[in-house]
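Numbering of ligands and ligand atoms starts at 1, following listing order.
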Amino acid sequence: PTIYAITPTYSRPAQKAELTRLANTFRQVAQLHWILVEDAAGRSELVSRFLASAGLPSTHLHVPTPRRYKRPGLPRATEQRNAGLAWLRQTHQHEPQRSQPGVLFFADDDNTYSLELFQEMRTTRKVSVWPVGLVGGRRYERPLVENGRVVGWYTGWRAGRTFAIDMAGFAVSLQVILSNPKAVFKRHGSQPGMQESDFLKQITTIEELEPKANNCTKVLVWHTRTEKVNLANEPKYHLDTVKIEV
Ligand code: UGA
Ligand code: MN
């Protein structure tokens, strides 16, 4: 099956660095289609040029986050992930069931992904789950597994979540996405940190989850976050003698 990676991304000083690191990973994965969704009013020059030379099958989308949702404490990238879902559904709408096997996962642009993760998620039948490192105020969060079934969650943060899992901790088969055409990320009624759980509730149950990464005992993806770039010494006006692509 093809792996579809939906990546929301937004303009900031480290954007190209993050996308470069991600592309270097994705380039080593067979049959990966990158759906890059810019949080912007249009497709930027920077991302367009970057994708053109990335050497990866890709789709370049954009949708701006409404200004009222750009506030600390509110979920990020809701509209961008939904745009990726809409593209997937539209692209596959005329295909007979199961003709195009695919697996979808949400790949934020700043995380760190091992290559083994892609081998694991490629065998997803409906919805698969695995541990995520450096998240929730712990070294890792993970699904608790007994006899090959998920029975709960190891987490230190909002333990009451039905699916106590980060965006980087699950994959969904394309068929599940197509047969649940209304499943989307919601702004209204979704508290901070509940986007993943609210989305998964629409498409699956705990009993149905497929544990990966050796019964969820191996961390294959890390929720790394990039430090805010220090531009304290950046001149107010362009002082360099030539135009630089950053
Ligand atoms: C955590 C989760 O890991 C994210 O999946 C979740 O979207 C996020 O919280 C949230 O608060 O909603 P965190 O590292 O705090 O992640 O979030 P970021 O990495 O800053 O953003 C997640 C993704 O959205 C990234 O791919 C980022 O490029 C994108 N983003 C962020 C936008 O498209 N627009 C923004 O204004 C901010
Ligand atoms: Mn992040």
From Thr9 atom OG1 to His62 atom NE2, the distance as rounded to the nearest 0.5 Å: 14.0 Å
For atom 22 (C) of ligand 1, closest protein heavy-atom neighbour: Asp108 OD2, 3.4 Å
Minimum-distance N/O/S atom that Asp110 presents toward the Mn ion (ligand 2): OD2
Presence of salt bridge, Lys201 and Glu196, under 4.0 angstrom: no
Pairwise distance CD(Gln100) to OG1(Thr2) - rounded to 0.5 angstrom: 7.0 Å
Distance, nearest 0.5 Å, that separates OH of Tyr154 from CD of Glu141: 9.5 Å
Heavy-atom protein contact below 4.0 Å for atom 9 (O) of ligand 1: no
The Mn ion (ligand 2) reached by Asp109 (N, O or S, under 2.8 Å): no
Ion pair Asp39/Lys70, N-O distance below 4.0 Å: yes
Min heavy-atom dist Thr65 to ligand 1 below 4.0 Å: no
Subset of ligand 1 atoms that lie under 4.0 Å from at least one heavy atom of Thr9: 28 (O), 33 (O)
Closest non-hydrogen atom pair between Trp130 and Phe170, with its separation: CH2-C, 3.3 Å
Top protein contact for atom 32 (C) of ligand 1, by heavy-atom distance: Tyr10 CD2, 3.5 Å
Joint hydrophobic cluster, Phe163 plus Leu85, side-chain heavy atoms closer than 4.5 Å: yes
Asp110, any N or O under 3.5 Å of ligand 1 N or O: yes
N-O pairing of Lys218 and Glu120 below 4.0 Å: no
Test side chain to side chain contact (heavy atoms under 4.5 Å, CB included) applied to Trp222 and Thr112, Val135, Val132, the passing residue: Thr112
Value rounded to 0.5 Å, distance of CE in Met167 from CG in Asn111: 10.5 Å
Geometric N/O contact Met167 with ligand 1, under 3.5 angstrom: no
Proximal ligand 1 atoms for Pro75, defined as those under 4.0 Å from one of its heavy atoms: 12 (O)
Minimum-distance protein heavy atom relative to atom 16 (O) of ligand 1: His223 NE2, 3.2 Å
Proximity to ligand 1 by part of Asp166, non-hydrogen separation under 4.0 Å: side chain
Residue part near ligand 1, for Lys70, under 4.0 Å between non-hydrogen atoms: side chain
Closest approach of any protein heavy atom to atom 25 (C) of ligand 1, naming residue and atom: Asp109 OD1, 3.5 Å
Protein heavy-atom partner closest to atom 34 (N) of ligand 1 - residue, atom, separation in Å: Asp39 OD2, 2.8 Å
Nearest neighbour in protein (non-hydrogen) for atom 21 (O) of ligand 1: Arg76 CD, 3.7 Å
Closest protein heavy atom (residue, atom, distance) for atom 24 (O) of ligand 1: Ala77 CB, 3.2 Å
Gap separating the CD atom of Glu38 from the OH atom of Tyr10, nearest 0.5 angstrom: 13.0 Å
Nearest neighbour in protein (non-hydrogen) for atom 6 (C) of ligand 1: Arg81 NH2, 3.9 Å
